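Quick note on labels: first sequence line is chain A, next is B, and so on, each numbered from 1. Fair warning: this is a prediction, and the values are worked out from it, not measured in the lab.
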Amino acid sequence: MIKILYFGRLSDMAGRRTETLALPQGVRNISALRAWLDTAHDLGGALDDPSVKTMVDQSLVHNDMSLNGNEEIGFLPPVGGG
Amino acid sequence: MIKILYFGRLSDMAGRRTETLALPQGVRNISALRAWLDTAHDLGGALDDPSVKTMVDQSLVHNDMSLNGNEEIGFLPPVGGG
Amino acid sequence: MITIRDTPFKPSKELEAFTQANCDAGAITSFLGQVRSEAGKVNALYLEQYPGVTETGIMDAVAKAKARWTLTDVMVIHRVGTMDVGEPIVLVAIAAKHRRPAFLACDYLMDYLKTQAVFWKRQTGKDGSKWIEPRTEDYQDKKRWEIR
Amino acid sequence: MITIRDTPFKPSKELEAFTQANCDAGAITSFLGQVRSEAGKVNALYLEQYPGVTETGIMDAVAKAKARWTLTDVMVIHRVGTMDVGEPIVLVAIAAKHRRPAFLACDYLMDYLKTQAVFWKRQTGKDGSKWIEPRTEDYQDKKRWEIR
């Protein structure tokens with residue numbers, strides 16, 4: 001199963017902070033998963049915004065990447081604490 | 001009466017931190033007082049060292065200055081706290 | 001020591017323990033960030049972390065600071081969850097032999113925490129709730145540390 | 001608030017009061033200087049002031065910092081007299097809306113205190129007693145603030 005984590009404003013948009021799903025049919029990589037989630041939750045392209053970073057198993061991925069269906073995927077809008 | 005204050009290493013050299021005296025005969029200004037005190041306490045010119053600052057009534061004096069015999073005179077080696 | 005916690009902490013207590021553990025350090029700098037009311041406009045601040053990722057990132061920044069300056073000890077305490085106005089958000093303390101590295105490392109870590117640490121902030125006030133992202137100045141401050 | 005005192009103080013207690021008085025400040029920086037043992041070479045530090053002159057000088061430096069940066073509050077506590085190893089010598093705390101002025105003002109005041117404040121320091125250790133004057137680095141640090 002794939003575990004998806006939405007952070008910051010993305011959790012408001014997706015209406016959830018986390019979800020677990022099987023890799024949807026025909027979805028084999030990050031870019032396809034982003035597109036699939038965007039449609040499923042009506043995100044208006046928010047996951048493809050250049051300010052949103054993607055982590056696979058807690059590591060940043062900058063390019064596309066194939067998925068085996070057992071990853072933890074995090075979508076991170078601009079960060080900042082303090 | 002003149003009140004003299006020796007700070008830092010100058011108090012060790014003069015053997016005192018403070019002294020009160022009448023203006024010695026013939027001494028009418030700071031430079032003459034410095035010379036007089038240097039001889040009196042055997043300071044080897046320490047009060048004339050360029051690193052030593054002189055305060056008259058708690059204000060720095062950079063040049064010579066005449067005295068009326070009722071001042072507070074401080075001799076300050078290089079300062080620094082913290 | 002790096003702590004990310006979802007309950008309030010008392011900066012004076014934490015600093016006292018840090019100071020006692022580093023009583024021979026000579027110089028101790030600290031930064032405390034508190035929730036500002038913005039003239040009554042803010043009621044609360046909510047901070048979210050990515051558990052694991054956030055802490056690893058801070059550990060990394062602390063290691064970089066220790067590589068760059070000679071430091072005796074570093075403490076970072078960061079709140080997550082909901083905080084009221086006036087509550088501490090972050091406390092960074094640096095112990096070093098001299099004051100220059102202690103100031104620089106504290107400043108550096110705060111710039112990291114403001115712009116790169118993996119936190120998201122939501123501010124709640126009389127105008128409702130909104131996510132807030134770093135200010136342009138924060139990114140400029142961070143750039144000062146880049147080695148050219 | 002500027003305090004010159006000849007008895008020990010507890011930095012955590014002073015910082016707590018300062019923080020409480022400035023709970024809406026957003027950013028609070030602090031610097032604490034403690035007597036270092038220098039690997040057992042130092043037993044005690046003695047600090048002398050010029051009563052009146054020393055305090056006026058610090059007040060002046062605080063006024064300059066307030067003119068230069070937007071600060072909410074400033075606290076300076078400086079010990080005089082004899083201090084043992086590990087005892088606090090100086091505590092400077094700055095409260096401001098944002099962190100940059102808070103860091104800069106704290107740094108600036110420490111440079112003033114190290115090189116220009118009217119104090120004299122005598123260190124006592126196993127090699128006897130000697131007056132110590134600012135290091136070359138201290139004067140260089142101070143120069144950073146001169147407006148060219």
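With a 4.5 angstrom heavy-atom cutoff, C:D141 touches chain D only via side-chain atoms. With a 4.5 Å cut-off on non-hydrogen atoms, C:V35 touches chain D through its backbone but not through its side chain.
Your options are D:S37, D:A93, D:A95, D:G26, and the one with the most heavy-atom pairs under 4.5 Å with chain C is D:G26. In terms of heavy-atom pairs under 4.5 Å with chain D, the best-connected choice from C:S12, C:G33, C:P11 is C:S12. Counting heavy-atom pairs closer than 4.5 Å to chain D, the top residue among C:E14, C:Q20, C:K97 is C:K97. Contacts with chain D were tallied for C:E38, C:H98, C:K13, C:R36; C:R36 has the most, counting heavy-atom pairs under 4.5 Å.
Between the side chain of C:Q34 and the backbone N or O of D:N22 there is at least one donor-acceptor pair closer than 3.5 Å.
Within residues 70-88 of chain C, the residues that have a heavy atom under 4.5 Å from a heavy atom of chain D are C:V85, C:G86, listed by number. Applying a 4.5 Å heavy-atom cutoff, the residues of residues 99-119 of chain D that approach chain C are D:R99, D:R100, D:F103, D:C106, D:D107, D:M110, D:D111, D:K114.
In the displayed structure, C:M59 atom CE is contacted under 6.0 Å by at most 12 heavy atoms of other residues, nucleotides or ligands. By the 6.0 Å contact criterion, NZ on D:K142 is enclosed, its count of non-hydrogen atoms from other residues, nucleotides or ligands being greater than 12.
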query = Given the rule in the side chain to side chain contact (heavy atoms under 4.5 Å, CB included) test, do D:L32 and C:T19 qualify, once you have shown the distances and angles that lead to the verdict?
reply = CA-CA 9 Å; D:L32 169 66; C:T19 299; 3.5 Å; yes
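Salt-bridge check for D:K10 with C:E16: passed, with a basic side-chain N closer than 4.0 Å to an acidic carboxylate O.
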